[in-house]
Number of protein chains: 2
Amino acid sequence: MARPSAAILSREIIGQAAIDLVESGRDLQVVPLAKRLGVSVSSLYYHVDGRDGVIRAMRDVLVPQYIGVPAEADGWEERIRLEVESSWRMYADHPRVMQYLLTSVINEPDVMRFYDAMADALTEAGLPDDEILTTIEVIDAFMFGAALDTLSPERILDPESAGPRLAGLMAAHPSGTERNRRMFDRGLDLLLSGIRART
Amino acid sequence: MARPSAAILSREIIGQAAIDLVESGRDLQVVPLAKRLGVSVSSLYYHVDGRDGVIRAMRDVLVPQYIGVPAEADGWEERIRLEVESSWRMYADHPRVMQYLLTSVINEPDVMRFYDAMADALTEAGLPDDEILTTIEVIDAFMFGAALDTLSPERILDPESAGPRLAGLMAAHPSGTERNRRMFDRGLDLLLSGIRART
DNA sequence: ACCTGAACACCGTTCAAGT
DNA sequence: ACCTGAACACCGTTCAAGT
């Protein structure tokens, strides 16, 4: 079966299988990926440029699922929230995949669209021109850090070894997904509040 | 020379060499590391528990250089700034090393000290108890994202393909280290301003 | 205690060969 | 056009052997 009647592989199929593999907790490796696809390793190389190509394929599968709907919103603040929210969900839904996208730069057009929308919103907010790009970068960085936070273990700190003050706070603190979600919301609130104070 | 008169390796020596290797732009690999140390690969395994052990060794070399001096400061805001600044510098000075520390959790006691100091400062600021931990996590996440931002290429976006609005802003925007530094400062400002608004 | 050399399983990549 | 099998360089790890 050197040439099947219908192609059994494609960039998308490979990208999706890689996402599944990685999200199931394993490393991104070509051999297990091929096995999962029931295909010989070298077959992958016809559709995708090596391991790095697999990473780009993952990105190209994920991005269209989350980015692109230029949400209907009233007011700059709501626009920023919606914009950030959609990128954030992509990160938070696939934190393990994120780790690999870290090195590979996100697709130009997508970043461009995000930056453009954000620049519009911040201009409308009345932020001075020379602060706009930096502010976008701040939000971007926070989003990124918040996404990677998902990767950290359920309990980051051991209450046993904490001081009494910290231990008390930790007892009433959520963990896992809820902790992460709350952190993201609060961060965005703080940033928006800070931006408002500058306009 | 199976047993030299004076040991030529140690955890620290290995950790430092690994930092140099990684910071020079290459991947963290055991074989080049051994070569750089003028030693056989298997020798590393006596001092360090494999590749992961090398990562921990890097961390144990870096952390004491940056963390630990509990800075003299007046006022909660200044305390937070100093605290965050020192962690941040470790990240920003060694962004490539950071990539590897991402997976490995930072040493318990260090995180604990950071969280404790931050909790004190935020309590002094008058922030409600149920917001303190979340706020610390926000700052932590931002710090992290800002550090990883250092890894992104000099010019993230191509002004050619940007809209006129964005292109104009980009012309007046710094790049490289300065861009990164400014972004970090602005982000911390925004967050602190947001925190102030909540007290 | 501290380092070496050989050996092994495994991974990423290439390429000629098949249909 | 699309997949396979073999071959290769290289990496991480182990372990017996040396002093």
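To find a chain, count down the sequence lines: A is the first, B the second, and so on, and within it residues start at 1.
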Under the salt bridge (charged side-chain N to carboxylate O under 4.0 Å, His left out) criterion, do B/R179 and B/D149 qualify, and how do the steps go? CA-CA 10 Å; B/R179 179 186 71 84; B/D149 178 74; 3.2 Å; yes
For salt bridge (charged side-chain N to carboxylate O under 4.0 Å, His left out), just list the numbers for A/D20 and A/R26, CA-CA rounded to whole Å, side-chain angles, deciding distance to a tenth of an Å, and then say yes or no. CA-CA 9 Å; A/D20 295 343; A/R26 280 198 281 275; over 6 Å; no
Would B/R79 and B/E72 satisfy salt bridge (charged side-chain N to carboxylate O under 4.0 Å, His left out), going step by step from the backbone distance to the final call? CA-CA 8 Å; B/R79 290 237 303 286; B/E72 201 64 39; over 6 Å; no
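As a whole-Å value, the separation of B/K35 NZ from C/dC3 C1' is 18 Å. One interatomic measurement links the two molecules: CG of B/D27 to C1' of D/dG12, which rounds to 14 Å at whole-angstrom precision.
What you find for B/R36 and B/A17 is that their closest heavy atoms are CD-O, 3.9 Å.
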For nucleotides 7-11 of chain D, tabulate all protein N/O to nucleotide N/O atom pairs closer than 3.5 Å, reporting atom names and distance.
none

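A heavy atom lying under 4.0 Å from DNA chain C marks the following residues of residues 37-49 of chain A, by number: A/V41, A/S42, A/Y45.
Within a 6.0 Å radius of CD in A/E12, no more than 12 heavy atoms belonging to other residues, nucleotides or ligands are found. Around the CG atom of B/D130, the shell of radius 6.0 Å holds more than 12 heavy atoms that belong to other residues, nucleotides or ligands.
Between A/R89 and A/F184, every side-chain heavy-atom pair lies at or beyond the 4.5 Å cut-off.
Helical stems in DNA chain D, defined as runs of 3 or more consecutive Watson-Crick or G-U wobble pairs with donor-acceptor distances under 3.5 Å: C:4-8 with D:12-16, C:12-16 with D:4-8.
Inspection of the A/H94 and A/Y66 side chains reveals an N or O donor paired with an N or O acceptor under 3.5 Å. Under the 3.5 Å distance criterion, with hydrogens and angles disregarded, a donor-acceptor pair is assigned to the side chains of A/E137 and B/H173.
We find the CD1-CG distance between B/I14 and B/D60 to be 12.5 Å, quoted to the nearest 0.5 Å.
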